Protein chains: 2
Amino acid sequence: MPWYPEGNPMADARKGAASPTAEELDPCDVVRSILGRVGDKWSAVVMDELAAGPRRFNELRRLVSPITQRVLTSTLRALEGDGLVTRTVHPTIPPQVEYALTDSGRALHAIIKNVAAWTDAYLGTVHAARSARKDSAG
Amino acid sequence: MPWYPEGNPMADARKGAASPTAEELDPCDVVRSILGRVGDKWSAVVMDELAAGPRRFNELRRLVSPITQRVLTSTLRALEGDGLVTRTVHPTIPPQVEYALTDSGRALHAIIKNVAAWTDAYLGTVHAARSARKDSAG
DNA sequence: CAGGATCCGTGGGGATACTG
DNA sequence: CAGTATCCCCACGGATCCTG
């Protein structure tokens with residue numbers, strides 16, 4: 001039994017098109033959006049850094065290296081929007097904002113680590129396949 | 001210890017920019033590319049269908065519903081290029097092509113199912129976070 | 001049946017400048 | 001410090017037509 005819709009997977013789940021009442025919301029769409037989230041360019045890296053403990057914005061910016069400030073912001077907003085990270089503002093001067101993983105974020109991060117383990121196990125297979133592809137392509 | 005590079009994650013790993021000699025290839029880049037793969041719009045769905053058994057092209061096309069032929073082709077090529085699925089051509093008339101998961105593909109699919117399980121467990125959390133976001137936005 | 005070739009719109013993401 | 005605002009590029013994905 002598939003976890004994705006028969007007719008229109010994902011659709012505009014990330015835009016919240018029809019705003020269903022949570023119980024009507026298809027888990028399939030959520031799975032797809034979550035896969036898309038951890039599959040985007042930086043979310044997984046950010047989560048992995050946050051797994052070590054709460055971090056501040058520019059701290060993350062440095063840890064996640066060549067990420068742009070604009071992209072880091074939108075990445076964090078997206079993660080926050082799915083309840084994977086929390087954003088805590090300390091009203092000091094200068095402002096201090098701390099980002100941290102939630103329980104769900106931590107659980108999802110564990111799965112990401114499984115992908116890392118998978119890569120460790122199948123690195124040879126992947127590389128062989130890529131080489132073969134390169135081989136037949138010229 | 002992070003599974004991604006400090007300086008330049010992903011980079012152009014998917015293009016095979018410098019064609020490293022397999023041992024020099026950073027596993028980190030591979031993790032990112034794999035996450036990107038299962039995070040794209042259709043790969044996970046295709047793999048889930050293939051998990052039930054080998055399928056032919058147009059068979060998949062119907063199962064994965066509104067996917068375009070062009071996109072299904074490129075998705076399958078990408079999966080094949082990473083050694084996640086095999087493509088077997090039977091020289092009949094009309095031509096018959098069968099796609100199937102490899103061992104690594106099956107293992108990766110298992111992880112994807114974990115994400116589905118995660119979603120099942122945290123669906124409420126995710127929805128609550130999304131509602132809250134919607135709440136403060138509108 | 002299983003694609004290849006072509007055209008095109010959308011938006012993810014990079015660079016840069018500015019602000020409370 | 002922690003963002004917001006703008007501009008821009010191009011890869012992803014959709015639509016359509018054509019073929020061995």
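Atom set for the values below is all heavy atoms of this structure, side chains included, hydrogens, waters and symmetry mates excluded. This structure is a prediction, so every number in the text was calculated from the model and none was measured. A note on names: the letters A, B, ... follow the listed sequences, proteins ahead of strands, and every chain is numbered from 1.
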* Under a 4.5 Å cut-off applied to non-hydrogen side-chain atoms, are B/Val126 and A/Ser104 in contact? -> no

* d(CD, A/Glu98; P, D/dG3) in whole Å -> 12 Å

* What is the distance from CD1 of B/Ile93 to P of C/dA2, rounded to the nearest Å? -> 14 Å

* Asked: What's the CG-P distance between A/Leu35 and D/dC12, to the nearest Å?
  -> 17 Å

* With sequence neighbours excluded, give me every salt bridge (charged side-chain N to carboxylate O under 4.0 Å, His left out) pair touching residues 73-91 of chain A. => A/Arg37-A/Asp82, A/Asp82-B/Arg130

* **Whole-Å distance separating the CG atom of B/Leu63 from the P atom of C/dA2** => 12 Å

* To do: Would you indicate whether the side-chain heavy atoms of B/Asp48 and B/Lys113 approach each other to under 4.5 Å?
  => yes

* Respond yes when some side-chain nitrogen or oxygen of A/Arg56 is under 4.0 Å from OP1 or OP2 of D/dA2, and no when none is. => yes

* Asked: Are any non-hydrogen side-chain atoms of A/Tyr99 and A/Val97 less than 4.5 angstrom apart?
  -> yes

* With sequence neighbours excluded, residues passing salt bridge (charged side-chain N to carboxylate O under 4.0 Å, His left out) with A/Glu98 -> none

* May I ask you to test the A/Leu108-B/Tyr122 pair for a side-chain heavy-atom distance under 4.5 Å? => no

* **Short side-chain N/O contact from A/Tyr99 to OP1 or OP2 of D/dG3, under 4.0 Å** => yes

* Structure fact -> Per the under-4.0 Å heavy-atom filter, residues of residues 74-88 of chain A near DNA chain D come out as A/Arg77, A/Arg87

* Check whether any side-chain heavy atom of B/Leu60 sits under 4.5 Å from a side-chain heavy atom of B/Leu76, and report yes or no. => yes

* Asked: Is there a side-chain contact between B/Thr73 and B/Phe57, using heavy atoms and a 4.5 Å cut-off?
  -> yes

* To do: Please tell me if the side chains of A/Ser43 and A/Thr75 come closer than 4.5 Å, counting only heavy atoms from C-beta onward.
  => yes

* To do: For the residue pair B/Val64 and B/Trp42, establish whether any side-chain heavy-atom pair is separated by less than 4.5 Å.
  => yes

* To do: May I have the distance from A/Asp40 (atom CG) to C/dG13 (atom P), rounded to whole angstrom?
  => 5 Å

* A/Arg61: partners by salt bridge (charged side-chain N to carboxylate O under 4.0 Å, His left out), with sequence neighbours left out -> none

* Angle by which the axis turns from one end of the helix from C/dC1-D/dG20 to C/dG20-D/dC1 to the other, five pairs per end, to 10 degrees -> 50°

* Structure fact -> Given protein heavy atoms under 4.0 Å, the one-letter contact record of nucleotides 14-20 of chain C, with B base, S sugar-phosphate only and - none, is simply BBBB--B

* Distance in angstrom units between B/Leu60 CG and C/dA2 P, rounded -> 9 Å

